[in-house]
**Student:** 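Dropping the structure in here first, questions after.
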Amino acid sequence: MPVKSAFGVQIERRAPTKLYPFTRFFRGFEKVPIVRELFGARTAQVLRSQKVEFFSARFGYMGTSDVDGHLLISTNHLARSPIRTVYLDIVHELCHVKQFRQGRPLFYPKLSYVDAPSEIEAYRFTVQEGQRIGMSSRQLMDYLKVEWISPAEHRRLAKHCGLVAKTSTAKPHRKRIRK
Ligand SMILES: [Zn+2]
């Protein structure tokens, strides 16, 4: 481990990351048709090899590492958010996992979050699944209302996803993290 000495202290600069198998915490996703659309016949195999890292922080929700494609999930979000939100967020992140596996970029620093091709694809995909499980346009609009986008961006994201509905006054409920 490279140790850096400075200011009279030593700091180990390489910290371990604890990764767990995705399927230890999330089971049955290999049977979800839309997830099978992502990975085809290899779905079960992909999910078995998928890794997940949990972090404990009051803020933050989910993300996909653009370094090695593992998922990052807030323990607080996992434990406390509505189960439907957690489910859709996992579907969303699995879409990013697919993008990562195809060598496509997950982040587009020069674009607004809502205009990033990776996000548009993942949100469209998630909205499709939301409709399949019976969510109304309004519920989906709420789902798209993430904390760090403006009302105009929210409308744009909805439009990208083919959604037209009145926005509710619900508070934005989550945001994604990047790593
Ligand atoms: Zn995303």
Side-chain angles (χ1 to χ4, degrees), residues 1-30 32 35 38-39 42-123 125-126 129 143-150 153-154 157 170-179:
M1 289 277 178
V3 177
K4 179 85 177 167
S5 296
F7 314 112
V9 299
Q10 288 82 44
I11 296 176
E12 292 209 8
R13 305 261 275 172
R14 280 197 203 145
T17 306
K18 180 79 180 152
L19 299 178
Y20 296 92
F22 175 81
T23 48
R24 180 164 157 195
F25 298 89
F26 307 99
R27 290 182 284 269
F29 279 78
E30 72 284 359
V32 175
V35 176
L38 288 174
F39 306 114
R42 301 183 62 239
T43 303
Q45 189 190 332
V46 167
L47 295 184
R48 267 200 307 275
S49 65
Q50 180 64 38
K51 295 284 189 286
V52 57
E53 173 187 356
F54 297 102
F55 64 93
S56 158
R58 193 189 288 198
F59 301 105
Y61 297 84
M62 281 193 203
T64 300
S65 164
D66 65 348
V67 175
D68 64 7
H70 77 265
L71 297 183
L72 292 116
I73 299 179
S74 148
T75 53
N76 186 54
H77 177 49
L78 184 60
R80 295 177 200 278
S81 293
I83 197 68
R84 189 174 67 189
T85 301
V86 173
Y87 172 71
L88 290 180
D89 283 1
I90 298 273
V91 168
H92 178 109
E93 296 306 332
L94 288 177
C95 187
H96 287 320
V97 167
K98 158 90 179 260
Q99 293 163 347
F100 177 82
R101 293 174 72 97
Q102 289 182 330
R104 291 150 66 197
L106 301 186
F107 302 120
Y108 293 78
K110 288 184 182 156
L111 291 179
S112 154
Y113 174 82
V114 301
D115 298 318
S118 53
E119 293 303 337
I120 293 174
E121 184 184 9
Y123 276 105
F125 189 72
T126 311
E129 180 59 4
Y143 175 76
L144 297 186
K145 204 173 189 181
V146 287
E147 280 166 8
W148 72 108
I149 64 176
S150 68
E153 287 175 319
H154 177 237
L157 181 58
K171 274 194 179 169
H173 49 87
R174 73 207 193 293
K175 70 177 181 187
R176 295 210 164 72
I177 46 146
R178 49 176 60 184
K179 186 179 181 184

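Being a predicted model, the structure only gives us computed values, none of them experimental.
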**Student:** Going by heavy atoms in the side chains, are Val97 and Arg101 under 4.5 Å from each other?
**Tutor:** yes
**Student:** Say you draw a straight line from CD of Glu121 to CG of Leu106; how long is it, rounded to the nearest 0.5 Å?
**Tutor:** 10.5 Å
**Student:** Are His92 and Tyr123 close enough that their ring centers fall under 6.0 Å?
**Tutor:** yes
**Student:** Could you pull out the closest heavy-atom pair between Ile149 and Glu153, with the gap in Å?
**Tutor:** CA-OE1, 3.3 Å
**Student:** Under a 4.5 Å cut-off applied to non-hydrogen side-chain atoms, are Leu71 and Met62 in contact?
**Tutor:** no
**Student:** If you compare all heavy atoms of Gly63 against all heavy atoms of Glu93, which two are closest, and at what distance to 0.1 Å?
**Tutor:** C-OE1, 3.4 Å
**Student:** Would a 4.5 Å heavy-atom cut-off, applied to side chains only, mark Phe29 and Val46 as touching?
**Tutor:** no
**Student:** Using side-chain contact (heavy atoms from CB on, under 4.5 Å), reason through Ile73 and Ile90 one step at a time and then give a plain yes or no.
**Tutor:** CA-CA 9 Å; Ile73 299 179; Ile90 298 273; 4.0 Å; yes
**Student:** Can a donor-acceptor pair be found, under 3.5 Å and without considering hydrogens, that links the side chain of Lys51 to the backbone of Leu19?
**Tutor:** no
**Student:** Could you tell me whether Lys18 sits above the aromatic face of Tyr20, with NZ or CZ closer than 6.0 angstrom to the six-membered ring centre and within 45 degrees of the axis?
**Tutor:** yes
**Student:** Side chains of Ser118 and Arg104: closer than 4.5 Å at any heavy-atom pair?
**Tutor:** no
**Student:** Contact between Leu72 and Ser65 at the side-chain level, heavy atoms closer than 4.5 Å - yes or no?
**Tutor:** yes
**Student:** When rounded to the nearest 0.5 angstrom, what is the spacing between CG in Leu94 and CZ in Phe39?
**Tutor:** 5.5 Å
**Student:** Hey, mind stepping through Tyr113 and Val146 against side-chain contact (heavy atoms from CB on, under 4.5 Å) and telling me if it holds?
**Tutor:** CA-CA 11 Å; Tyr113 174 82; Val146 287; 4.2 Å; yes
**Student:** How long is the span from the CZ atom in Arg13 to the NZ atom in Lys4, to the nearest 0.5 Å?
**Tutor:** 6.5 Å
**Student:** How close do His96 and Gln99 get, counting heavy atoms only, and between which atoms?
**Tutor:** ND1-OE1, 2.7 Å
**Student:** Taking the side chain as everything from C-beta on, heavy atoms only, tell me whether Tyr87 gets closer than 4.5 Å to Val32.
**Tutor:** yes
**Student:** Apply side-chain contact (heavy atoms from CB on, under 4.5 Å) to residues Leu38 and Phe125 and explain how you reach the verdict.
**Tutor:** CA-CA 10 Å; Leu38 288 174; Phe125 189 72; 3.4 Å; yes
**Student:** If every non-hydrogen atom of Thr75 is compared with every non-hydrogen atom of Phe54, which pair is closest and at what distance?
**Tutor:** CG2-CB, 3.8 Å
**Student:** Side-chain contact, heavy-atom cut-off 4.5 Å: Leu47 with Val35?
**Tutor:** yes
**Student:** Write down the atom of Phe100, the atom of Asp66, and the distance for their closest heavy-atom approach.
**Tutor:** CE1-O, 3.5 Å
**Student:** For the CD1 atom of Ile120 and the CG atom of Leu157, what is their distance to the nearest 0.5 Å?
**Tutor:** 7.5 Å
**Student:** Flag the pair His77 / Asp89 as yes when at least one side-chain heavy-atom distance between them is below 4.5 Å, and no otherwise.
**Tutor:** yes
**Student:** Does a side chain donor of either Thr43 or Glu30 reach within less than 3.5 Å of an acceptor in the other side chain?
**Tutor:** no
**Student:** Would you confirm whether Ser81, through its side chain, and Leu78, through its main-chain N or O, come within 3.5 Å as a donor-acceptor pair?
**Tutor:** no
**Student:** When you measure from the side chain of Gln50 to the backbone of Gly69, do you find a donor-acceptor pair of N or O atoms at a distance under 3.5 Å?
**Tutor:** yes
**Student:** For residues Cys95 and Ala122, report the shortest heavy-atom separation together with the two atoms involved.
**Tutor:** SG-CA, 3.7 Å
